[in-house]
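Written out below as structure tokens is the structure these notes cover.
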There are 2 protein chains.
Amino acid sequence: MTKYKKHERQEILLTRINEDPFLTDEKLADIFKVSIQTIRLDRLELSIPELRERIKNVATEEVDKIKSLSLQEVIGEIIDIDLNAQALSLFIIEEGHVFERNEIARGHFLFAQANSLCVAVINRPLALTKSAEIEFIRQAKLHDKVISKAVVNEMDNNKAAITVESKVDGRLIFKGRFVMYYSNEGDEIG
Amino acid sequence: MTKYKKHERQEILLTRINEDPFLTDEKLADIFKVSIQTIRLDRLELSIPELRERIKNVATEEVDKIKSLSLQEVIGEIIDIDLNAQALSLFIIEEGHVFERNEIARGHFLFAQANSLCVAVINRPLALTKSAEIEFIRQAKLHDKVISKAVVNEMDNNKAAITVESKVDGRLIFKGRFVMYYSNEGDEIG
DNA sequence: CCTCATTTAGTAGTTGGTACTAAAATCAGT
DNA sequence: ACTGATTTTAGTACCAACTACTAAATGAGG
């Protein structure tokens, strides 16, 4: 239980505060068994803002994140659309979408992109997926830009058949055939 | 531009602070053209905490949300598992999972639950979805508790066939047949 | 005009700091 | 063991944004 050296302590301090930004100087002084002044000097040298600033930052940052997450409601960004005919979307694979171990995208995000695109191309108050046959052909990896294309093959009064193909760098990674149910008013299915 | 009456002012104060929790008493006093003391009395009567408390609340709330979202990495909570044989998971439909308009769950979350469950039941370093046939039988609504059951039908050296059924209150809402690819080391697919 | 509610003023004390000065302790090298 | 630099403490004054309290001023209505 020897005390850390300055440099050592500062490194740990950084990660500690990163993990838990809600730590006061007093608590930190307690943790490292040094005086409050030492902690303050450390923060000064590492230009770590004071507790209140840190909390404020968390509060404002996370408000932004929530906004961008509700944007993720429709997964992927629609880049071209020809209503009831075809549509294109772009989805960039980020940290949250992959298996930690190998950075391969989880299948359901690719499905979600395709599914969202089907909902979008059928622009109705109610559009639900009825069934789908899908195939994962190749892996998508972290930071890949996935371009998904949906083409409406058939449409009748309340159903549409849509095929979706997703590609990374022009290579097919996913394809699916979706049957969508839709209506113009708030009908019930099943 | 007459001054508000007490009650009136307090109502507006409430909504104002709700909209923007980062307002100091000083700014609020300025807005309502009253003294700081009046604002403090108002907050006391309405039991609105002080600025710093409010900011802290925002920060902690949002930290919780982020945590529950990275937990969403595996969508749904696994409640029972018999490796390579079958597994059960629970997924509660929340605000972020439904269409705003009608509070019906987006299909890809139900798919994600099923897909995650398939990955979980095949407990291998690499387990990827190869293909799936799925059917959405009935809608799931906001706050529904969806129980998903995966049963492994066949397994060979590197593939498994799994059927999944999801129910709400015992009624079938989704079913799917998944083919999963897996390996014990970091092999490549395709 | 009197009275009760409302508003404002002012003081002391709190938390979690900054900014600064200065003393004490520790360490490194000779 | 001594010196000089580095590091750590100690201590003071000050700040924001309050709470908690007392007391005075200002309304508004009967």
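Labels below follow one simple rule: chain letters A, B, ... track the order of the sequence lines, proteins then strands, and each chain is numbered from 1.
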What verdict does the side-chain hydrogen bond (donor to acceptor under 3.5 Å, both in side chains) test give for Thr129(B) and Asn115(B), after you've listed the backbone C-alpha separation in whole Å, the side-chain angles of each residue and the deciding distance to 0.1 Å? CA-CA 8 Å; Thr129(B) 312; Asn115(B) 190 55; 2.5 Å; yes

Test for a donor-acceptor pair under 3.5 Å between the base of dA16(D) and the side chain of Arg52(B), counting only N and O atoms. yes

Rounded to whole angstrom units, what separation is found between the [atom1] atom of [X] and the [atom2] atom of [N]?
{"X": "Leu13(B)", "N": "dT7(C)", "atom1": "CG", "atom2": "P", "result": "12 Å"}
{"X": "Lys56(A)", "N": "dG16(C)", "atom1": "NZ", "atom2": "P", "result": "16 Å"}
{"X": "Arg43(B)", "N": "dA17(D)", "atom1": "CZ", "atom2": "P", "result": "12 Å"}
{"X": "Glu8(A)", "N": "dC27(C)", "atom1": "CD", "atom2": "P", "result": "13 Å"}
{"X": "Ile48(B)", "N": "dA17(D)", "atom1": "CD1", "atom2": "C1'", "result": "16 Å"}
{"X": "Lys6(A)", "N": "dT26(C)", "atom1": "NZ", "atom2": "C1'", "result": "13 Å"}
{"X": "Leu44(B)", "N": "dT19(D)", "atom1": "CG", "atom2": "P", "result": "8 Å"}
{"X": "Leu51(B)", "N": "dA16(D)", "atom1": "CG", "atom2": "P", "result": "14 Å"}

Tell me which residues in residues 23-41 of chain A put a heavy atom below 4.0 Å from DNA chain D, sorted by number, or none. Val34(A), Ser35(A), Gln37(A), Thr38(A), Leu41(A)

Check ion pair Glu11(A)-Lys5(A) (N to O, under 4.0 angstrom): no

Spell out, as yes or no, whether a donor-acceptor pair under 3.5 Å connects the side chain of Asn102(A) to the backbone of Ile104(A). yes

Arg9(B) side chain to Tyr4(B) main-chain N or O, any donor-acceptor pair under 3.5 Å? no

Reckon Arg9(A) has a side-chain N or O less than 4.0 Å from the OP1 or OP2 of dT7(D)? no

Tell me if the aromatic rings of Phe109(A) and Phe111(B) count as close, with their centers under 6.0 Å from one another. no

Would you mind classifying the nucleic acid contact of Arg54(B) as base, sugar-phosphate or nothing, using non-hydrogen atoms under 4.0 angstrom? nothing

Going through the checks in order, is the ring-ring contact (aromatic ring centres under 6.0 Å, His included) test met by Phe91(A) and His97(A)? CA-CA 11 Å; Phe91(A) 172 50; His97(A) 306 127; 4.9 Å; yes

Is it the case that the side chains of Gln113(B) and Ser89(B) hold a donor-acceptor pair, with the cut-off being a distance below 3.5 Å and no angle test? yes

